[in-house]
Amino acid sequence: PRTAVVTGSASGIGRSTRELLGQRGENVIGVDVRDAEVVADLSGADGRDAMVEGVRHLSGGRVDSVYAIAGLAAPTPATVAVDFFGALATLEGLRPLLSGSPSPRAVLVSSMAALLPSDAELVSLLTAEDEPAALARAEVLAKAAETTGLIYSSTKLALSRWVRRRAASADWAGAGIPLNAVAPGIIATPMAAAMISTAEQRRALLERVPMPLNGIAEPIVVARALAWLGGEENTHLCGQIVYVDGGSDAVLRGDAV
Ligand code: NAD
């Protein structure tokens, strides 16, 4: 059986992905701050190192797929630390363990929020992978009500662009590892719960994030797409951002392909 690493495995999309892969007979090594095979905090260097060591130990040194799902949507610098640098540390840190697999795969979770307004300075600091400067910029954005929302969208935009830039490189495509992302719309998980608990909230959110096809989705919908991207059948998808968003991308970007 394949061995999969799933970060954010304790809740929402990560939990649904771990359950789906488990049902398919895969060995799943979950990584999270609680209730996981590897308990590690991906917001800082020590936790990221502990994650790589824990996975190396439990896997015996070989994994077949990495699903970087852990994240938060809080309007704070921690979102930059976990969603961007934690995801990069997961993918880059576990890449050596993928090299022993006959069919290695890597997937991360971005967001349709990458299409919403963002902060050019934060995006460029993330693109430069300058964590101290990116955290400092997020600290500034977090201080004013009109800019706090830019932290999450900027983080996910930079993450999607990282996939576009890295997927075709020697490290990934050149090493036979498809690297892709999914970009969900609104998914009914604990992360989104406070934003979608009333009909009024749902209506307001769906105005910014239009989902004409079937509306707000359950986490299993995203898990199924992730499992395909991270599975053996995916031999040629490379550097794609797969929007699992009920049509938000098609509505907001129209002809852009
Ligand atoms: P969730 O809150 O249900 O699950 C996130 C998981 O990540 C939790 O188990 C949490 O403990 C873990 N996590 C958070 N910080 C961590 C840290 N420092 N170290 C290790 N693990 C940590 O949320 P979800 O909705 O399942 O989100 C999963 C991913 O999907 C996130 O990257 C999120 O940005 C993305 N996403 C969610 C939605 C949505 O509407 N729910 C939409 C687009 C993208």
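Sequential numbering from 1 along the given sequence is applied to the chain's residues. Read the numbers this way: they start at 1 and go in the same order the structure lists the ligands and their atoms.
Counting protein heavy atoms only, atom 8 (C) of ligand 1 is closest to D32 OD2, 3.6 Å. Protein heavy atom in closest approach to atom 27 (O) of ligand 1: M191 CE, 3.6 Å. Shortest contact from atom 31 (C) of ligand 1 to any protein heavy atom: I69 O, 3.3 Å. In terms of protein heavy atoms, atom 5 (C) of ligand 1 is closest to G71 O, 3.6 Å. Summary of contacts: the protein heavy atom closest to atom 18 (N) of ligand 1 is D41 OD1, 2.8 Å. The closest protein non-hydrogen atom to atom 25 (O) of ligand 1 is T189 OG1, 2.5 Å. Scanning the protein for heavy atoms near atom 1 (P) of ligand 1, the closest one is S11 OG, 3.5 Å.
Within the model, atoms CG of L108 and CD1 of I241 stand 7.0 Å from one another, a figure rounded to the nearest 0.5 Å. Atom OG in S118 sits 10.5 Å away from atom CG in L126 (nearest 0.5 Å). Here CD of E26 is found 12.0 Å from CZ of R18. Values are rounded to the nearest 0.5 Å. Rounding to the nearest 0.5 Å gives a distance of 4.0 Å between CG of L115 and OH of Y243. From T17, atom OG1 reaches atom CZ of R224 across 11.0 Å, with rounding to the nearest 0.5 Å. For the atom pair D249 CG and R253 CZ, the distance stands at 4.0 Å (nearest 0.5 Å).
Of all the atoms in ligand 1, the ones that sit under 4.0 Å from a non-hydrogen atom of I186 are 40 (O). Interface of G12 with ligand 1, defined as ligand atoms under 4.0 Å from a residue heavy atom, comprises 3 (O), 26 (O). Near K156, meaning under 4.0 Å from any of its heavy atoms, are these atoms of ligand 1: 32 (O), 33 (C), 34 (O). Those atoms of ligand 1 with a heavy atom of S43 less than 4.0 angstrom away are 18 (N). Near P184, meaning under 4.0 Å from one of its heavy atoms, ligand 1 places the atoms 42 (C), 43 (C), 44 (C). Every atom of ligand 1 is numbered from 1 in the order shown, and the set under 4.0 Å from a heavy atom of S111 is 43 (C), 44 (C). Each of the atoms 44 (C) of ligand 1 lies under 4.0 Å from some heavy atom of S110.
A continuous path of Ile, Leu, Val, Met, Phe, Trp and Tyr side chains, each step under 4.5 Å between heavy atoms, connects F85 with V31, placing both in one hydrophobic cluster.
Between K143 and E139, none of the side-chain N atoms (NZ, or NE/NH1/NH2) sits under 4.0 Å from a carboxylate O, so this pair counts as no salt bridge.
Between A192 and ligand 1, no pair of N/O atoms sits closer than 3.5 Å. Between Y152 and ligand 1, an N or O atom pair is found at a separation short of 3.5 Å. Polar contact with ligand 1: absent for R34 (N/O pair, distance under 3.5 Å). Residue-to-ligand polar distances place I13 within reach of ligand 1: an N/O pair is separated by less than 3.5 Å. Below 3.5 Å of separation, one finds an N or O of L42 facing an N or O of ligand 1. The distance criterion of under 3.5 Å between nitrogen or oxygen atoms is not met by G14 with respect to ligand 1.
Here atom 16 (C) of ligand 1 lies nearest to V82 when heavy atoms of L159, V82, V39 are compared. Taking only non-hydrogen atoms, the option from V109, T17, D83 nearest to atom 35 (C) of ligand 1 is V109.
Between the N234 side chain and the L229 main chain, a donor and an acceptor come within less than 3.5 Å of each other. A donor-acceptor pair is defined here as one N or O able to donate and one able to accept, closer than 3.5 Å; such a pair exists between the side chain of R105 and the backbone of E232. Here the side chain of D83 pairs a donor or acceptor atom with the backbone of L72 at under 3.5 angstrom.
Using a 4.5 Å heavy-atom threshold, the side chains of N180 and V242 count as separate. Taking the side chain as every heavy atom from C-beta outward, T155 and L159 never approach each other to under 4.5 Å. Within the 4.5 Å cutoff, the side chain of L116 has no heavy atoms near those of the K156 side chain. Counting heavy atoms from C-beta on, the side chains of W172 and R95 come closer than 4.5 Å. Within the 4.5 Å cutoff, side-chain heavy atoms of V66 are placed close to those of L91.
Distances from ligand 1 to the non-hydrogen atoms of A188 include no value under 4.0 Å. At least one heavy atom of P190 sits less than 4.0 Å from an atom of ligand 1. Residue contact annotation: G185 has a non-hydrogen atom under 4.0 Å from ligand 1.
If you look at R15 next to ligand 1, there are no close heavy atoms at all, none under 4.0 Å. Residue L72 touches ligand 1 through its side chain alone, judged by heavy-atom distances below 4.0 Å. With a 4.0 Å cut-off on non-hydrogen atoms, A40 touches ligand 1 through its backbone and not its side chain. At a 4.0 Å heavy-atom cut-off, ligand 1 touches I187 through backbone and side chain alike.
Checked by atom type, the side-chain pair S169/D171 shows no donor-acceptor distance below 3.5 Å.
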